[in-house]
Each structure stands twice: as structure tokens, then as C-alpha cells.
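Heavy atoms only: backbone and side chains are in, while hydrogens, waters and symmetry mates are out.
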Amino acid sequence: QVQLVESGGGLVQAGGSLRLSCAASGRTSSTYAMGWFRQAPGKEREFVAAISGSGVFKYYADNVKGRFTISRDNAKNTVYLQMNSLKPEDTAVYFCAVNKYLPPAGTYEYSYWGQGTQVTVSS
């Protein structure tokens, strides 16, 4: 199994920034794809960003493109989500996920999911 632990969430004012981290352990690999998703109360889970094992391919949801950046440190089995220019509509629980291959853009085909970390953006 693969275990994922998210960190870095918190409360920030609109226009501010946060950096989320997701550390993978267990039967994982530096070649695995990793992604970020979020879910706000009363809403469906939403794709945010994903990155291939090599880091060559990156996908972003249209409503975060240009504001969020996904990156990874394969030596640490960790993926990051740098979130800038945060908006109140970014408020959600953010989940990290891992898969052996990079799923199609915007899909949810991941094998392992983390517990989630709360991000709250005040207006």
C-alpha cells in the first residue's frame, strides 16, 4: 500500500498564498504520477492539478491555471502545490493522490488518496 500525508493547509486572506505538501511512503515509486484534488461542502470533488512521474507532463484545471503550480521532489517522494492569488472559491479540503501512470487530464483514476488538508480563504 501507499500512504499519503498532506500538510500546509490553513487560513489565508484573499490574494494570499499557501504551499501544500504531500509525502508518499510505502510501496511507492518516483515514477508514479501524483495529483491534487479538492472538495468544498456541498460540491463534487474537483480536479486541480497533476504531474507525471518524470515531471514532463503537467495538467491544471482551467480555474487554477496561472495561479497554482504543481511540482515534485522524487528524492523525497513528495509533491507540492504552490497556490498564489487565492480566492474565496478556492476554499476546500485538498486531497493528494497517487497512481502508477498519469491518468487523462481532469479525471479521477488514482489508486491511493490522502486524508486531506483544509484550505480556507477569507474575503
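- Val64 is not connected to Val93 by any chain of hydrophobic side-chain contacts under 4.5 Å among Ile, Leu, Val, Met, Phe, Trp and Tyr, and they are in different clusters.
- Contact between Gln39 and Lys43 at its shortest, heavy atoms only, is NE2-O, 3.2 Å.
- Interatomic distance, Gln13 CD to Ser123 OG, rounded to the nearest 0.5 Å: 9.5 Å.
- Listed by first and then second residue, the side chain to side chain donor-acceptor pair (under 3.5 Å) pairs that reach into residues 102-117 are Asn99-Ser111, sequence neighbours excluded.
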In a table with atom names and distances, give each donor-acceptor pair under 3.5 Å that connects a side chain of residues 65-72 to protein atoms at least two apart or in another chain.
from  : atom 1 : to    : atom 2 : distance (Å)
Arg67 : NH1    : Ser85 : O      : 3.0
Arg67 : NH1    : Asp90 : OD2    : 2.8
Arg67 : NH2    : Asn63 : O      : 2.8
Arg67 : NH2    : Asp90 : OD1    : 3.1
Arg72 : NE     : Asn74 : OD1    : 2.5
Arg72 : NH1    : Tyr32 : O      : 2.8
Arg72 : NH1    : Ser52 : O      : 2.9
Arg72 : NH2    : Ser30 : O      : 3.4
Arg72 : NH2    : Tyr32 : O      : 2.9
Arg72 : NH2    : Asn74 : OD1    : 3.3

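- When the side chains of ILVMFWY residues are joined at heavy-atom separations under 4.5 Å, either directly or via intervening members, Leu102 and Val2 end up in two distinct hydrophobic clusters.
- Between atom OG of residue Ser21 and atom CD of residue Gln82 there is a gap of 9.5 Å, rounded to the nearest 0.5 Å.
- To the nearest 0.5 Å, atom OG1 of residue Thr78 and atom CE of residue Met34 are 7.0 Å apart.
- A 4.5 Å side-chain heavy-atom check between Val79 and Trp36 finds at least one atom pair inside the cut-off.
- Note on residues 44-63: pairs passing ring-ring contact (aromatic ring centres under 6.0 Å, His included), not counting sequence neighbours, are Phe37-Phe47.
- Contacts classified as disulfide bond (SG atoms under 2.5 Å apart) and involving residues 93-123 (residues at least two apart or in different chains) are given here: Cys22-Cys96.
- Checked by atom type and distance alone, the side chain of Thr91 pairs as donor or acceptor with a backbone atom of Pro88 at under 3.5 Å.
- Partners of Glu46 by salt bridge (Lys or Arg N to Asp or Glu O under 4.0 Å), not counting sequence neighbours, listed by chain and number: Arg38.
- Atom OH of Tyr94 sits about 5.0 Å away from atom CE of Met83, to the nearest 0.5 Å.
- Pairing each heavy atom of Gly9 with each of Leu20, the nearest pair is N-CD2, 3.6 Å.
- Partners of Tyr80 under the ring pair (Phe, Tyr, Trp, His ring centres under 6.0 Å) rule, at least two apart in sequence or in another chain, do not exist in this structure.
- The structure places CG of Leu86 at 10.5 Å from OG1 of Thr120, a figure rounded to the nearest 0.5 Å.
- Contact between Gly8 and Leu18 at its shortest, heavy atoms only, is O-CD2, 3.9 Å.
- Between Ser29 and Asn77, the shortest heavy-atom contact is C-OD1, 4.2 Å.
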